Amino acid sequence: MTENSQGARTERSRQLFDRARRIVPGGVNSPVRAFGSVGGTPRFIRSGKGSRITDVDGNSYLDLIDSWGPMILGHAHPAVIDAVQQAVGRGLSFGTPSEGEVLLAEEIVARIGPVEQVRLVSSGTEATMSAVRLARGFTHRAKIVKFAGCYHGHVDALLAAAGSGVATFALPDSAGVTAATTAEVIVLPYNDIDAVRVAFADHPGEIAAVITEAAAANMGVVPPAPGFNAALAQVCHDDGALLITDEVLTGFRVSRTGMYGLDGAQEGWAPDLMTFGKVIGGGLPVGAFGGRADVMALLSPLGPVYQAGTLSGNPIATAAGLATLQQLDDAVYEKLTATAGSIGELAAAALGAAGVPHRLQRAGTLFSVFFTDAEVTNFDLARTQHTAAFAAFFHAMLDAGIYLPPSAFEAWFVSAAIDDDDLQTIADALPAAANAAARALHHG
Ligand SMILES: Cc1ncc(COP(=O)(O)O)c(C=O)c1O
């Protein structure tokens, strides 16, 4: 594959990638960034403003990764930068309580009904890891149910059948996770409530929690079937288990109140614990887990479940997160919904015109385009995709200045900074990219 058929320069990215590979495994600090499944050189990004990012060679791209979710307002939003600069001026970290933690926690609790108490951490992985430990501590049970294709960060116990990053590299699992760890984890097909009922019937009183992405988005976007999350809550509660909905990706992105606002709040059920990340840090490292006050009361220093973090609730990170959430009013979500709808439909139309099998799936403002024509309701179906066709599509879009997530198993992330000119840029780029996908399909 040529580096860039448009002739844009990529030497500096290539040089940095070569240097990085000598001293950093794979040249990256998080695997999907490496372009492993699409080939070629990842662009090293130097700056971002609004909907665009600029690489070290000076090429500008319309960004549809948005740091995998956090940059919902676009890059370098003035209100966020200002809040961060003010916080920086006051010092970087104290390891004592600080006001920003209280303000961010209050904002989360005010928006999300089931979250009576919340604790801040520094990543989504820490949030899910801590929520699972807390659920086990509360229930005095060991087993956890998770769904194939759902990713909850790189927590040992949750790395079984873990979706995008792992799927991209075609690893069914991770080496280094012991059998003893996964022995307590039951992996079931997503959207299959009967399988959940069977698991509870087989292990009555043994399951501490079911953890599920509130809408699966790490195998591409696979929304929960109508009533699936509600039924999960019911099945868990009937057995005395907890339901953990992981909103690290969906929280404050798919609506003002996350995915819960689109289902639980409407249908009258609630998870016991929820996890957050990405948007609540506005681009800096913040995660959170929260939920029922009686469950959260078990956390150290009140209770026996230990959990801590040197940089938890860091003042710069909480300032960025709070400033981001404060910008996210109903008007922004309306815009995000419209933008996501337009881009998804443009992509689907172009692929349709080129004769490429595809399927557009959404959950609120989240969407992805599967390179397969059947409805995708679980991980096995997601894996029927033509990944070579996606790779060709991806590179044609990159050549045209549009940076998509470099994997067929990822959601496309839109920011509120995308405007009509950007939509036109995408519309102009799509036909050639769809044709490239069609050619890859016929040759592959
Ligand atoms: C649903 C979900 N949970 C947890 C995580 C892990 O978050 P982090 O990468 O911040 O550790 C992710 C990351 O993509 C995620 O999408």
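Just so you know, residue 1 is the first one in the sequence shown, and it goes up from there. As the structure lists them, so they are numbered: ligands from 1, and atoms in each ligand from 1. Since this is a predicted model, take the numbers as computed values, not measurements.
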K.L.:
Do the numbers put Arg46 on top of the ring of Phe44, so that NZ or CZ is under 6.0 Å from the six-membered ring centre and no more than 45° off the axis?
P.N.:
no
K.L.:
So which of Tyr151, Phe228, Phe379 actually passes ring-ring contact (aromatic ring centres under 6.0 Å, His included) with Tyr190?
P.N.:
Phe228
K.L.:
Take a 6.0 Å sphere around CZ of Phe94 and say whether it holds more than 12 heavy atoms from other residues, nucleotides or ligands.
P.N.:
yes
K.L.:
Is it true that Glu126 and Arg119 make a salt bridge, defined as a side-chain N closer than 4.0 Å to a carboxylate O?
P.N.:
no
K.L.:
I'd like to know if the side chain of Arg253 and the backbone of Thr365 have a donor-acceptor N/O pair within less than 3.5 Å.
P.N.:
no
K.L.:
Any chance you could lay out the side chain to side chain donor-acceptor pair (under 3.5 Å) test for Arg14 and Thr41, step after step, and finish with the verdict?
P.N.:
CA-CA 6 Å; Arg14 261 185 279 177; Thr41 303; 4.7 Å; no
K.L.:
I'd like the atom pairs linking ligand 1 to the protein - N or O on both sides, separation under 3.5 Å - with distances to 0.1 Å.
P.N.:
from: ligand 1; atom 1: 3 (N); to: Tyr151; atom 2: O; distance (Å): 3.4
from: ligand 1; atom 1: 3 (N); to: Asp246; atom 2: OD1; distance (Å): 3.3
from: ligand 1; atom 1: 3 (N); to: Asp246; atom 2: OD2; distance (Å): 2.7
from: ligand 1; atom 1: 10 (O); to: Gly124; atom 2: N; distance (Å): 2.8
from: ligand 1; atom 1: 11 (O); to: Gly124; atom 2: N; distance (Å): 3.4
from: ligand 1; atom 1: 11 (O); to: Thr125; atom 2: N; distance (Å): 2.8
from: ligand 1; atom 1: 11 (O); to: Thr125; atom 2: OG1; distance (Å): 2.6
from: ligand 1; atom 1: 14 (O); to: Lys278; atom 2: NZ; distance (Å): 3.0
from: ligand 1; atom 1: 16 (O); to: Asn218; atom 2: ND2; distance (Å): 2.9

